[in-house]
Amino acid sequence: MKAKLYDLMNWARIEGVVYSEEDKPCTILGPQVVGSSTLFQAFFPDAKKVTLVLEDKNKRVSMEMADEEGFFAATSAGKKVGNYSYEVVTKDGKKEMRKDPYAFNVVVESEVLDRFQAGTLYDVYKEFGSHEVTINGVKGVRFMVWAPGAVRLSVISDFNNWDGRITPMNRVEDSDVFALFVPGLDATVEYQYELKAKDGRISLFNDPYADRKVTKERTVSKIHVYEEFAWEDKEWISKRTLKEDAFKVYAWEESKEKNAAKLAKQLKEQGFNHVSLPAFYLSSDFYQMVDYFSSEKEVKKFVNEMHKAGVGVIFNWNASACYKLHRKPVSNFFISNVLYWIEEYHMDGLIFSELESLLYLDYGKQPGQWVPNVYGGNENLDGIEYVKHTNSILMDRNKEVILLADIDAIWPKVTAPMDQGGLGFHYRYDTAFTRDLISYLTTKPENRPNIHEKITSRMGYAYNEKFVMAFPAKVVHDLWDWIPGEEGDKFSTIKAAFAYLSFLPGKILSGFEVPEKLNKEYTALVKRCHELNCKTDILAKADYNDSNFSWINCFQQKECTVSFLRKDANEEGSLLIVVNFANDEKPEFMIGVPYEGRYELIFNTEEKAFGGNAKIEKEAIFTDEMGWDGYAQNINVSLAPLSVSVYRYRPFTEEEIMAIAEKKADKIREEIMAKAREKVELLKKLRGIK
């Protein structure tokens, strides 16, 4: 090696490159100005000869091998470099032209780095990961990733024979962020990252911001391509609302209708205005969890079709995937992922599934496997902060998005505002009632009296939170098979269950299934339940008002019946709901009522339109003055087996009051006349008159 070239080289730093421990290769490799010349250094372990091709100067310079491991160097007069390439002759004789990644400076704005480290870079996926970009007129791919604990980080791919020594990335300032621009690459590149730790261990990992692809050899990352999508949902987005009466959710699952337009039509026919998706990350086969930041055009098409039909889309986001939330960049990653699905895919809401795994340090762990927090408790303070942070950002950036908490734990104030010590969700799953009702429905009717509390106990806590009675698709997939009885009994039970949920306080998320031949009748029933909920204020707008509900009788265990009122403030229009979960008819069933007047049957799950045999009673039922169920009046009704009946209360009209008064007067007159006749007969006997 020429002495002058030898003297220009930093051998300690070269050793760092050769032994793959250099974290700022841009300061060694590529062009470095030295005096009035430029020093070019490159590392090609697979090369036996390298020629520097100065394209702008039309000049070729043979590079000297400074280290037998493949480190080459050469100098060129002048400080201006211009375009250049390396002509590499590999050890097996192949000749290749290679662009130098270290000729390009990847600029990471200090604000971006500061926000990332502070956990507030909410669009992090637009900066990190791999992106096709153009630098100095040259097209290629910019890679950027966070790799704490890395001594050296490299991009590995076909372009460097998956050799981690060849393309080390540059550490950005003194952070754990690494970046590199590789010229000549496009969106077809498949890659991984190779990390060398302080103890010398080498590990591979995929880019968390990219798409993943599974090959026979390995699982690799693919560049996330942000394709333009022609959204047609502007009208839907502009009309999105958080009003409680606009929340009727259908739980979709993979075995059901996959055609978006057809599914949307079915949902509209049944009166649903939202659909929940079963998986938190949707891949190309639509329901398999694959990537955090996947680029799925099919998902956008699905959401677009739903929105065009007037149906919102809510997705499940599995909170159990979150970990190491005490590190701000990690928390930032998961917050930005939620925002990604909301904003890039126009989702209308999300369900935080398995939220308890975030809130408790000891969730799913044995004693000794967890460490208490600084206050000695089992609350996961970092998880709580993450949830509140995520919800606050969502509410700030996407005010009309619905936030649901799927939590199976006794945690207070889940749906309370954050400024009141709550977590800030709009709704919470009532998982306890889900289990109870499923248990009740799958028990034989003759044994249901023994577990009657399973259908009544929720009202003891129903107003503690804004509950959604959620029956996700995975829960109800086999429900039809589990319900006892013949097909007719199963169908009546499903109809009664859905109606019972519809008229209890709280919202519903349900995907109850029936055989295809019964779909028409079941669709009609679901639609009618939704219509009643939409058009009746005491159902639509008073689910979370405790003055709106009162039991009539919830203690008729042997009868397997419950009755309750959804009350109007003015009494008129209040609804009486009577539920019969027994598989026998009750032709004269007495029910106490608080209001004197008439009760009109407006809905029965066993109507002919719903596949039953019951007839709607056209004549209103008048109250009787005999007390019952603790009330001064009662009505006498007929209950079909496994059914739900809804009666609307109306006070007596003046004409009816007069008619009733006349009947009472007639009855009194008859009673007086009867007594008078009895006295006359008695006197005749006493006087011996025949």
Side-chain angles (χ1 to χ4, degrees), residues 115-122 124 146-150 175-176 195 197-199 201 203 205 208 280-281 289 292 316-339 350-395 403-436 460-461 464-468 470:
R115 289 180 59 200
F116 175 73
Q117 292 175 323
T120 59
L121 186 63
Y122 302 122
V124 64
W146 182 61
S175 70
D176 286 324
L195 182 150
K198 292 180 181 179
D199 60 5
R201 286 184 298 172
S203 60
F205 66 94
F280 124 57
Y281 304 128
M289 190 174 86
Y292 285 88
N316 278 269
W317 200 89
N318 195 328
S320 66
C322 299
Y323 57 95
K324 297 183 179 179
L325 293 172
H326 62 285
R327 310 189 77 161
K328 294 299 183 182
V330 173
S331 174
N332 189 107
F333 174 86
F334 289 116
I335 293 174
S336 67
N337 184 241
V338 170
L339 289 168
L350 83 143
I351 302 165
F352 265 85
S353 300
E354 299 186 36
L355 185 60
E356 61 274 9
S357 64
L358 266 185
L359 302 180
Y360 291 100
L361 293 168
D362 58 347
Y363 177 76
K365 297 177 182 178
Q366 299 297 323
Q369 294 180 332
W370 63 282
V371 178
N373 61 35
V374 292
Y375 303 108
N378 65 342
E379 299 86 2
N380 183 352
L381 303 181
D382 295 312
I384 296 168
E385 172 58 28
Y386 164 74
V387 171
K388 290 183 176 181
H389 192 165
T390 302
N391 285 352
S392 66
I393 294 302
L394 279 169
M395 290 178 186
L403 306 177
L404 294 97
D406 180 2
I407 174 173
D408 192 8
I410 303 173
W411 190 277
K413 296 186 176 181
V414 172
T415 56
M418 282 176 274
D419 59 6
Q420 297 178 18
L423 296 181
F425 286 94
H426 297 118
Y427 300 102
R428 173 181 182 165
Y429 275 18
D430 189 349
T431 53
F433 185 61
T434 299
R435 282 193 298 269
D436 283 348
Y461 61 84
N464 294 349
E465 303 269 13
K466 287 190 173 182
F467 281 112
V468 170

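Side-chain contact between Phe425 and Ile407 is absent, with no heavy-atom pair separated by less than 4.5 Å. You'll find the side chain of Leu355 stays beyond 4.5 Å of the side chain of Tyr429, heavy atoms only. No side-chain heavy atom of Thr415 sits less than 4.5 Å from a side-chain heavy atom of Phe467.
The CG atom of Leu358 sits 10.5 Å away from atom CG of Asp382, with the distance rounded to the nearest 0.5 Å. Distance check, rounded to the nearest 0.5 Å: CE of Met418 to CG of Leu423 gives 8.5 Å. Taken from OG1 in Thr390 to CH2 in Trp317, the straight-line distance is 7.0 Å, to the nearest 0.5 Å.
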Side-chain donor-acceptor distances from residues 320-327 under 3.5 Å, at least two apart:
unit_1: Ser320; atom_1: OG; unit_2: Asn318; atom_2: OD1; d: 2.5

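Residues in residues 406-418 take part in these salt bridge (Lys or Arg N to Asp or Glu O under 4.0 Å) pairs, two or more places apart or across chains: Asp408-Arg435. Identified under the salt bridge (Lys or Arg N to Asp or Glu O under 4.0 Å) test for residues 360-369, with sequence neighbours left out: none. Applying the salt bridge (Lys or Arg N to Asp or Glu O under 4.0 Å) definition to pairs two or more places apart or across chains, those involving residues 415-434 are Arg428-Glu465, Asp430-Arg458.
Between Trp370 and Tyr360, the ring center distance fails the sub-6.0 Å criterion.
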From CA spacing to verdict: side chain to side chain contact (heavy atoms under 4.5 Å, CB included), Ile384, Trp411: CA-CA 11 Å; Ile384 296 168; Trp411 190 277; 3.6 Å; yes

Derivation and outcome, side chain to side chain contact (heavy atoms under 4.5 Å, CB included), residues Leu394 and Leu350: CA-CA 10 Å; Leu394 279 169; Leu350 83 143; 3.6 Å; yes

Candidate pair Met395 and Leu403, rule side chain to side chain contact (heavy atoms under 4.5 Å, CB included), full reasoning: CA-CA 9 Å; Met395 290 178 186; Leu403 306 177; 3.8 Å; yes

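Taking Phe433 as the reference, nothing meets the ring pair (Phe, Tyr, Trp, His ring centres under 6.0 Å) condition, with sequence neighbours excluded. Partners of Tyr363 according to the ring pair (Phe, Tyr, Trp, His ring centres under 6.0 Å) rule, which considers only residues two or more places apart in sequence or in another chain, do not exist here. For Tyr386, the ring pair (Phe, Tyr, Trp, His ring centres under 6.0 Å) criterion is met by no residue, not counting sequence neighbours. Scored by the side chain to side chain donor-acceptor pair (under 3.5 Å) test, Ser353 finds Asn316 as partners (sequence neighbours excluded). Asp176 is linked by a side chain to side chain donor-acceptor pair (under 3.5 Å) to Arg171, counting only residues two or more places apart in sequence or in another chain. For His426, there are no ring pair (Phe, Tyr, Trp, His ring centres under 6.0 Å) partners at least two apart in sequence or on another chain. Not counting sequence neighbours, the partners of Tyr122 by the side chain to side chain donor-acceptor pair (under 3.5 Å) test are His389. Looking at residues two or more places apart in sequence or on another chain, you find a side chain to side chain donor-acceptor pair (under 3.5 Å) between Glu379 and Asn373.
Between Leu361 and Pro372, the closest heavy-atom pair is CD1-C, 4.0 Å. Of all heavy-atom pairs spanning Gly424 and Asn391, the tightest one is C-ND2, 4.0 Å. Of all non-hydrogen atoms in Ala319 and Glu354, the two that sit nearest each other are CB-O, 3.9 Å.
Gln420 places no side-chain N or O within donor-acceptor distance of the main-chain N or O of Pro417, the cut-off being under 3.5 Å.
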